[in-house]
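Below: the structure, in structure tokens.
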Amino acid sequence: MRALAISLCLAAPAAAQTPDAILTDLWNDFSSTCAPFLANPAAAMARSPTNLQYLRQEQSADGRVFRRYQGRWGLGQYRLIELAIGVESAHVYCQIGRTSPDRQFNTDAMETTLRRILPADGSMRLAGGFRTITLSDPNEEAEGDVDSVSQTFKKFLLEGALGDRADLILIEMSSPQVLFTVSATVPLEERQ
């Protein structure tokens, strides 16, 4: 229900590749791709996600299963799902990304769009903003010169968008890319 409300809020008429269009497409893909793995990891693992080009599966000596699904297609669309099924819980890592092909990406407009979708009742909260990372290599062991290289981007935490369980979404924006990531531990007994 919350995903539908967000989609409707974002569905205002917008030209292709505007922040609204990018965010709407990204949110819809994130919801449909990640939700099954958060709702029931074991059942979702039994059905491979569509549109993914890469699958790696590992199995430990005690029978625990680890899977990685990955896909790139179209104009800068990206998916990554990593799943580990334990005895009592599963770890789910799901990341969905979009890159604007025209490189006309406005992080301020994207932030405005994100803030606009938040319900007035406070059930969803957005925290964060501009971040600057300065890369340095004190031992000079990295390839290339990374000393004092700075990158500025926006990083947010969105709470409450996925319900009671696994409701913290990391959102990163840097021209021209947006990433939504959820990383959660899901108790299996509650989801079987």
Side-chain angles (χ1 to χ4, degrees), residues 2-35 37-38 69-82 91-137 142 144-185:
R2 188 175 299 278
L4 176 61
I6 291 171
S7 295
L8 291 175
C9 288
L10 294 173
Q17 300 307 316
T18 65
D20 283 9
I22 292 170
L23 188 58
T24 299
D25 178 53
L26 180 57
W27 179 260
N28 289 336
D29 190 13
F30 181 82
S31 298
S32 64
T33 300
C34 300
F37 287 90
L38 294 168
Y69 305 91
Q70 186 171 339
R72 290 181 183 271
W73 68 97
L75 296 172
Q77 300 178 8
Y78 172 75
R79 289 180 180 176
L80 172 65
I81 303 166
E82 292 182 339
H91 182 263
V92 178
Y93 179 91
C94 188
Q95 183 176 72
I96 308 295
R98 291 293 184 275
T99 302
S100 175
D102 58 13
R103 303 288 181 185
Q104 297 301 313
F105 182 86
N106 184 322
T107 57
D108 292 334
M110 187 67 71
E111 179 181 355
T112 298
T113 301
L114 277 171
R115 293 191 183 282
R116 190 183 75 227
I117 68 173
L118 299 179
D121 65 4
S123 60
M124 291 173 56
R125 296 153 307 281
L126 185 67
F130 273 113
R131 299 286 187 263
T132 300
I133 296 177
T134 301
L135 304 174
S136 61
D137 182 15
D145 183 10
V146 297
D147 286 339
S148 301
V149 174
S150 294
Q151 297 174 334
T152 301
F153 62 98
K154 289 188 176 184
K155 188 179 239 182
F156 301 94
L157 293 176
L158 179 62
E159 296 178 272
L162 297 175
D164 296 335
R165 178 86 51 208
D167 69 344
L168 193 62
I169 300 171
L170 176 65
I171 301 171
E172 297 172 276
M173 301 177 198
S174 62
S175 181
Q177 185 178 61
V178 182
L179 293 172
F180 279 18
T181 306
V182 62
S183 180
T185 300

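Atom set for the values below is all heavy atoms of this structure, side chains included, hydrogens, waters and symmetry mates excluded.
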Residues forming a side chain to side chain contact (heavy atoms under 4.5 Å, CB included) with E172, sequence neighbours excluded: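 Here the qualifying residues are F153, K155, L170, L179.
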Once ring pair (Phe, Tyr, Trp, His ring centres under 6.0 Å) is applied, do any residues pair with F30, and if so which ones, sequence neighbours excluded?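 Residues passing ring pair (Phe, Tyr, Trp, His ring centres under 6.0 Å) with F30: W27, F180.
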Ring pair (Phe, Tyr, Trp, His ring centres under 6.0 Å) involving Y69 - partner list, sequence neighbours excluded: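 For Y69, the residues satisfying ring pair (Phe, Tyr, Trp, His ring centres under 6.0 Å) (neighbours in sequence not counted) are F37.
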Between [atom1] of [X] and [atom2] of [Y], what distance do you get to the nearest 0.5 Å?
X	Y	atom1	atom2	value
T33	I96	OG1	CD1	4.5 Å
T185	H91	OG1	NE2	5.0 Å
D25	R98	CG	CZ	4.0 Å
C34	D29	SG	CG	8.0 Å
L23	E111	CG	CD	12.0 Å
I81	Q95	CD1	CD	11.0 Å

What heavy-atom pair brings R115 and G128 nearest, and what distance separates the two atoms?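 So the minimum-distance heavy-atom pair works out to NH2-O, 3.9 Å.
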Distance-minimising heavy-atom pair for L168 and V182: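 Minimum heavy-atom contact is O-CG2, 3.8 Å.
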Any I169 side-chain heavy atom under 4.5 Å of F156 side chain: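 Contact flag for I169/F156 side chains = no.
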